[in-house]
Amino acid sequence: MLVDRQILLIVSGSIAAYKALELVRLLRKSGATVHAVLTAGGARFVTREALAGITGQRVHDDLWAAEAEIGHIRLARLPDLVVVAPASADLMAKYAHGRADDLASTILLATRAPVLIAPAMNPAMWEHPATRANAATLAARGVAYVGPASGPMAEPESGPGRLAEPAEIMVVIEALLAPPARPLAGRHALVTSGPTHEPIDPVRYIANRSSGKQGHAIATALAALGATVTLVAGPVALPDPPGVTTVHVESAREMLAACEAALPADIAVMAAAVADWRVAHEATQKLKKAAGAAAPTLTMALNPDILAGIAQHRLRPRLVIGFAAETERVVEHAIAKRQRKACDWIVANDVSGDVMGGDANRVQIITADGVEEWPKMPKGEVAMRLAGRIAEALA
Ligand code: CTP
């Protein structure tokens, strides 16, 4: 249902414009308020009187008249969703290039609402490289599409270009406006991310190449699914993810303390690249080189294993997930790591390439049931998929 939802419907020039009237009928039946904007081309196929009658609202068709009545910026800000149906090749071209020479194109440039486009045009126009490029530009900017369909057209030509059916457009509108699913609402997730810095003296430390991108993306994804997230972050150059409680730490021991303090949790995802060793005796003053003296020898001590510690904690989260950064025999090492650290899943990745610091990741998920190979994808997508899997496991 779309009760109380405000839809701004732009009707541009296509012989399919008459179908916009049926779309308005369905939208209003579902409880939405529809404000129609008619382009000059659209007005060749459907009258402003018909649109006004069926929306029950004044129809906006002139930039300067709209300016006097309500202002195009207010018109652009009012809707929950802008729907362009039918969308002509010309309007898509204007929108892709940021032109604003009539009311419809000005609203498209000024709105911050999501935009859904239902193209309708001759198949040759749809398939023209110019239209392909414009459609791709808009899609890359987050514009949603429905159709066009292939099928009988007004012209004796077949191929894609036919406006999607109003019922089909409705399904997409309802999906776009549905409240986001929050399957992890009420759950607490603990996430570690980034490297640790192990001090040598007040000015020097041992570090690694972890950027924190994957761990931060996981914290963001879990929060998007409704979880309350505590992110324990080592030193990274990333901003704190919004909607997440971030605790900043430097060393592995600080990270362990912060993780323990964050319990109880339902989920733990340990994505940090924790230093395995620290310098056994941190110098309280800067190490100085004395003339003729030998280079200092650093004696290392083993750091606590945070993942293993959380997995064996009396407040053990129900689902404990570790990462395995490997440079060889990835799956074999990861399977052994899962058992050794008593965690439920291991996300294994081969870090011999440009994963560390990069934006994409190729991972394998190792569970008690076996190994699942995921294709290479952006770290944000790995995070969303992992969060989805976590939600399924806890459902
Ligand atoms: N980890 C941890 N505390 C440590 C070391 C690692 O919590 N002191 C966690 C990491 O966050 C990751 C997992 O353990 O989730 C595996 O990290 P990785 O560096 O791949 O494994 P190591 O424990 O270092 O094992 P190995 O030296 O055999 O690679």
Side-chain angles (χ1 to χ4, degrees), residues 189-199 205-219 221-222 229-236 238 246-263 265 267-280 300-313 315-317 319-353 355-357 361-367 371 379 382-383 386-387 389-390:
L190 166 64
V191 180
T192 66
S193 181
T196 60
H197 284 182
E198 307 298 331
Y205 57 82
I206 296 173
N208 61 63
R209 295 185 194 282
S210 169
S211 66
K213 282 180 189 165
Q214 186 62 81
H216 277 56
I218 290 167
L222 290 168
V229 180
T230 305
L231 172 65
V232 179
V236 292
L238 302 172
T246 305
V247 182
H248 296 273
V249 298
E250 298 235 329
S251 67
R253 285 180 296 176
E254 286 170 17
M255 188 172 272
L256 175 63
C259 286
E260 285 178 337
L263 296 179
I267 305 149
V269 184
M270 310 313 242
V274 184
D276 289 319
W277 300 282
R278 66 176 181 277
V279 176
M300 310 295 276
L302 196 62
N303 260 334
D305 191 313
I306 301 167
L307 174 59
I310 295 298
Q312 282 148 33
H313 201 280
L315 295 175
R316 184 194 199 277
L319 192 59
V320 177
I321 304 172
F323 271 67
E326 307 290 349
T327 55
E328 56 173 359
R329 310 220 308 268
V330 176
V331 170
E332 188 189 321
H333 282 154
I335 290 173
K337 215 167 257 184
R338 193 183 84 85
Q339 276 167 353
R340 197 167 69 236
K341 303 213 180 194
C343 55
D344 300 296
W345 304 350
I346 284 274
V347 181
N349 54 359
D350 187 338
V351 291
S352 58
V355 166
M356 280 210 155
N361 206 353
R362 177 191 218 122
V363 303
Q364 281 136 326
I365 311 293
I366 287 129
T367 69
V371 181
K379 287 181 175 174
V382 171
L386 187 66
R389 285 291 304 272
I390 291 169

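One-based numbering, in listed order, for ligands and for the atoms of each.
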Test applied, side-chain contact (heavy atoms from CB on, under 4.5 Å); reference residue, I366; option that passes from R338, K337, Q339:
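The passing option is R338.
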Among I306, V249, V191, T246, exactly one meets side-chain contact (heavy atoms from CB on, under 4.5 Å) together with V232. Which residue is that?
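In the set I306, V249, V191, T246, the residue that makes a side-chain contact (heavy atoms from CB on, under 4.5 Å) with V232 is V249.
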Residue, atom name and distance, where the atom is the protein heavy atom closest to [atom]:
{"atom": "atom 1 (N) of ligand 1", "result": "K341 NZ, 3.8 Å"}
{"atom": "atom 9 (C) of ligand 1", "result": "L307 CB, 3.7 Å"}
{"atom": "atom 28 (O) of ligand 1", "result": "R340 NH2, 3.5 Å"}
{"atom": "atom 16 (C) of ligand 1", "result": "F323 O, 2.7 Å"}

Does the protein put a heavy atom under 4.0 Å from atom 14 (O) of ligand 1?
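Given the 4.0 Å cut-off, atom 14 (O) of ligand 1 counts as touching protein heavy atoms.
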Rounding to 0.5 Å, atoms CG (L222) and CG (L190) come to a distance of 10.5 Å
What distance do I346 atom CD1 and I335 atom CD1 have between them, rounded to the nearest 0.5 Å?
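Interatomic distance, I346 CD1 to I335 CD1, rounded to 0.5 Å: 10.5 Å.
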Using heavy-atom distances, let me know which of L302, V320, T327, D276 sits nearest atom 5 (C) of ligand 1.
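Selected option, by shortest heavy-atom distance: D276.
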Show your reasoning for whether side-chain contact (heavy atoms from CB on, under 4.5 Å) applies to R278 and R253.
CA-CA 9 Å; R278 66 176 181 277; R253 285 180 296 176; 3.3 Å; yes
Would you mind telling me if ligand 1 is within reach of the side chain of [X], the backbone, both or neither, using heavy atoms under 4.0 Å?
{"X": "M255", "result": "neither"}
{"X": "I306", "result": "both"}
{"X": "H333", "result": "neither"}

Taking distance alone, with N or O pairs closer than 3.5 Å, would you say [X] contacts ligand 1?
{"X": "A272", "value": "yes"}
{"X": "N303", "value": "no"}
{"X": "A273", "value": "no"}
{"X": "A325", "value": "yes"}
{"X": "P304", "value": "yes"}
{"X": "K337", "value": "yes"}

Criterion side-chain contact (heavy atoms from CB on, under 4.5 Å) on E326 and N349, from CA distance to verdict
CA-CA 6 Å; E326 307 290 349; N349 54 359; over 6 Å; no
Test side-chain contact (heavy atoms from CB on, under 4.5 Å) on L386 and I365; report intermediate values, then the result.
CA-CA 9 Å; L386 187 66; I365 311 293; 4.3 Å; yes
Quick check on A324 - does any of its heavy atoms sit under 4.0 Å from an atom of ligand 1?
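A heavy atom of A324 does come that close to ligand 1.
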Do NZ/NE/NH1/NH2 and the carboxylate oxygens of D344 and R316 come within less than 4.0 Å?
yes
Using a 4.0 Å cutoff against the non-hydrogen atoms of G322, which atoms of ligand 1 qualify?
15 (O)
Would you please test D350 and V363 for side-chain contact (heavy atoms from CB on, under 4.5 Å) and show each step?
CA-CA 8 Å; D350 187 338; V363 303; over 6 Å; no
Pair Q214, N361 - check side chain to side chain donor-acceptor pair (under 3.5 Å), show working.
CA-CA 8 Å; Q214 186 62 81; N361 206 353; 3.2 Å; yes
How close do I310 and P317 get, heavy atom to heavy atom, and via which atoms?
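Heavy atoms of I310 and P317 come nearest at CG2-CD, 3.7 Å.
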